Amino acid sequence: MNLNLSTNKKSTCDILVLGSGPAGFAAAYTAAKNGADVILVEQCGDIGGISTTGLMSHWTGTCGSPLYYEILRRSAEKNDFKVDNITLIDPEKLKTLYLEMLDEAGVKILLYTFALDAICEGDSVLGATVVNKSGVTDIYAKITIDATGDGDIAAKAGAEFILGREDDNKMQPATLMFKVGGVDYSRAAFIPSFETTYQTEKGELQALAKQHIPYPAGHILTYATTLPGVVTCNMTNATDIDGTNTEDLTKATIVCRKQIDDIVKYLREFVPGYENCFVISSASLIGVRETRHFKGKYTLTEQDILEAQVFDDYVVKDAFFNFDVHNITGSGLDKTGAQKHFKQNKGYTIPYRCLLPEVKENLLLCGRNISGTHIAHSNFRAMPICVGTGEAAGMAAVLSVTKEKKTTDIDATEIRERIGI
C-alpha cells in the first residue's frame, strides 16, 4: 500500500490519548471531564484493553485514585448477581461502563484505529498519525498522551527506552486469558497466586500442573467471577515473546490457544469442582506484560517501592502490589519475584517525573510504559496503579493546556489538588 502522506486528512484536539486500557481510559476521562477537547484512539473494537478485551479476572493491587474507586463502585452497581468482592471484573459490563463514562465526559472515541506514527517538530510532539478503514489522519494535539502499553508513539517520537530487563532485554511471558463454565463453586479450588499451594488426594495442584500441562505452561491460577459457575483461568504461557513484534504476538496467540485444551483436561482430572468444566470464552487480545521501559525525568526503582518512598512531586499515592515477575524462561513465578513473600505493606508514591520522557515536550506517558526499572515495573503495571498514572496524566495535560505551560512546568501539587489525593 502506498501511503501518500501529503493527502492525509487532518484533525485537531486539545489532548490526544493513544490506547484505551485502564490508563488511557483514565487519562481521556479525566481530561474531558475537566473541560478539554479529547480524542481517544483504540486499536480494538472495545474500550478497556486487558481489563476487557484481554478478559482480565479482577483488579489486582490497589491505588489511592478516586477514579479507580469510582470504576469499582459503578461496576458493582451493574453486576447481575450480588458478589462481595467488588474487584472482580465482568468484562462485558465493564466495556459498557467505560463507554458510558467517556460519553458523559464528552470524549471523541476512535475504535478500530491504529496509532501509526508521531508528528514531531524538533523535540516537540505535535500529535500522531492514525490509520483505520476511513484512511489515514494526522491528529494534531496540544498534548499527546501515550497509553499504548508498549509506548508505540513515544518510541516513534524518539523517546529513549530499553526493552525488558536491563541486563539482557528479556521480557515477561505473554498470556491468553480464558473462562470456563460448569464449575461447582461449593467445592471449587481457587488458586490466586503462584505461591499458593493446594493439596488434594491426587497431589498438590501446582506440582500436578507442572507435570501434566505442557511447557512452557505448567501452573494453576484460577479466579472467581461475578457469574455463577464461571471461573477465569490465567494459565496459558508463551515465553521469549517481544510484544513490539507482530510475528511474536501471532506466535504467542497460537501457542497459548494450543494450550487451552490440555489445561482444561488437567482441570477436569485434578482440580476439585472442575470435573465438568468447559471453555465458554477466551480473550481476543493477548496479554503482554512487559515491553518498553522509557527513560523519564525520573526512573522509579524497586528500592523506591521497598522503602515506600514519598516523593515531593508525587501524583499517585498508596500504590500497592507485589513484585509480580512471571518466569521469563518457563511457568510460575520468576526467581526475582515476590508475591505472598512481598513484605512492603505501606504502599508507595509515583512522581510526576516518571510520566515525563526525558527529552520530549508535549508528550506524557501513563500505564505500564512509564519510567521504571524491570522489577519496579512488575509492581506498577497492576491495573489500579495504571488508572492512577492515567488520571494524573490526564490532569497534567489539562493544566498544561489551560495554563499554556509546558508539561515539564506543571506543578505536581496542583495535579494532586485537582485529582483530590
Side-chain angles (χ1 to χ4, degrees), residues 13-18 22-38 63-70 105 107 122-127 141-147 151 154 157 159-160 294-301 304-305 307-319 346-367 369-372 376 380 384-421:
C13 61
D14 289 335
I15 298 167
L16 172 62
V17 181
L18 305 164
F25 163 80
Y29 176 76
T30 300
K33 192 176 179 183
N34 284 275
D37 174 24
V38 179
C63 174
S65 158
L67 178 53
Y68 168 56
Y69 289 103
E70 180 181 353
V107 175
D123 287 333
S124 292
V125 177
L126 306 182
K142 297 173 183 176
I143 302 296
T144 300
I145 300 177
D146 192 325
E160 186 177 346
F294 285 88
K295 185 176 183 180
K297 301 289 186 183
Y298 184 82
T299 298
L300 194 72
T301 70
D304 292 330
I305 293 172
E307 294 174 0
Q309 287 282 5
V310 179
F311 295 92
D312 290 341
D313 65 333
Y314 79 84
V315 290
V316 175
K317 73 171 187 177
D318 299 331
K346 298 177 183 178
Y348 62 96
T349 66
I350 297 177
Y352 178 48
R353 287 166 291 161
C354 289
L355 280 58
L356 296 169
E358 188 173 45
V359 296
K360 296 297 170 183
E361 293 289 348
N362 308 328
L363 175 66
L364 288 164
L365 304 171
C366 63
N369 58 12
I370 66 170
S371 183
F380 66 66
I385 302 173
C386 288
V387 171
T389 57
E391 187 176 27
M395 187 57 72
V398 168
L399 292 171
S400 179
V401 169
T402 57
K403 293 179 176 290
E404 297 184 345
K405 287 185 176 182
K406 295 179 180 180
T407 51
T408 50
D409 294 334
I410 300 302
D411 187 348
T413 302
E414 191 167 3
I415 295 173
R416 296 198 297 267
E417 289 173 351
R418 292 286 297 271
I419 291 173
I421 62 173

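Quick caveat: nothing in here was measured; it's all calculated off a predicted structure. These numbers come from the heavy atoms of this one structure, side chains and all, not from hydrogens, waters or symmetry mates.
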* Asked: Under a 4.5 Å cut-off applied to non-hydrogen side-chain atoms, are I419 and P66 in contact?
  -> yes
* To do: State the OG1-CD distance between T144 and E361, to the nearest 0.5 angstrom.
  => 12.5 Å
* To do: Evaluate the side-chain proximity of F294 to P357: yes if any heavy-atom separation is below 4.5 Å, no if none is.
  => no
* **Spatial distance of atom CG (L355) from atom OG1 (T408) [nearest 0.5 Å]** => 13.0 Å
* **Euclidean distance, T389 OG1 relative to Y352 OH, rounded to 0.5 Å** => 12.5 Å
* Within a strict 4.5 Å, meaning less than it, do heavy atoms of the N362 and K142 side chains meet? -> no
* Between the main-chain N or O of Y298 and the side-chain N or O of S371, is there a donor-acceptor pair closer than 3.5 Å? -> yes
* Under 4.5 Å between any side-chain heavy atoms of V359 and E160, yes or no? -> no
* Non-hydrogen side-chain atoms of R416 and K317 separated by less than 4.5 Å -> no
* Using the side-chain contact (heavy atoms from CB on, under 4.5 Å) rule, take F311 and L300 through it: C-alpha gap first, then chi angles, then the decisive distance, then the call. => CA-CA 11 Å; F311 295 92; L300 194 72; 3.8 Å; yes
* To do: Supply the atom-to-atom distance L364 CG to I370 CD1, rounded to the nearest 0.5 angstrom.
  => 12.0 Å
* Say whether, by atom type as modelled, one donor and one acceptor occur between the side chain of S400 and the main chain of K405 under 3.5 angstrom. => yes
* Test log, rule side-chain contact (heavy atoms from CB on, under 4.5 Å), inputs D37 and I15 -> CA-CA 6 Å; D37 174 24; I15 298 167; over 6 Å; no
* In sequence, state the C-alpha distance, the side-chain angles, and the governing distance for M395 and V315, and then conclude on side-chain contact (heavy atoms from CB on, under 4.5 Å). => CA-CA 10 Å; M395 187 57 72; V315 290; over 6 Å; no
* Which value, rounded to the nearest 0.5 Å, describes the distance between D411 atom CG and R418 atom CZ? -> 12.5 Å
* To do: May I ask you to test the F380-I350 pair for a side-chain heavy-atom distance under 4.5 Å?
  => yes
* To do: Verify, without hydrogens or angle tests, whether T30 (side chain) and G394 (backbone) share a donor-acceptor contact under 3.5 angstrom.
  => no
* Asked: Judged by atom type as modelled, is there a donor-acceptor pair below 3.5 Å linking the side chain of K360 to the main-chain atoms of D123?
  -> no
* Any side-chain heavy atom of I385 sitting closer than 4.5 Å to one from Y348? -> yes
* Asked: V387 versus Y29: any side-chain heavy-atom pair under 4.5 Å?
  -> no
* To do: Mind checking the CD1-OG1 spacing from I145 to T407? Nearest 0.5 Å is all I need.
  => 10.0 Å
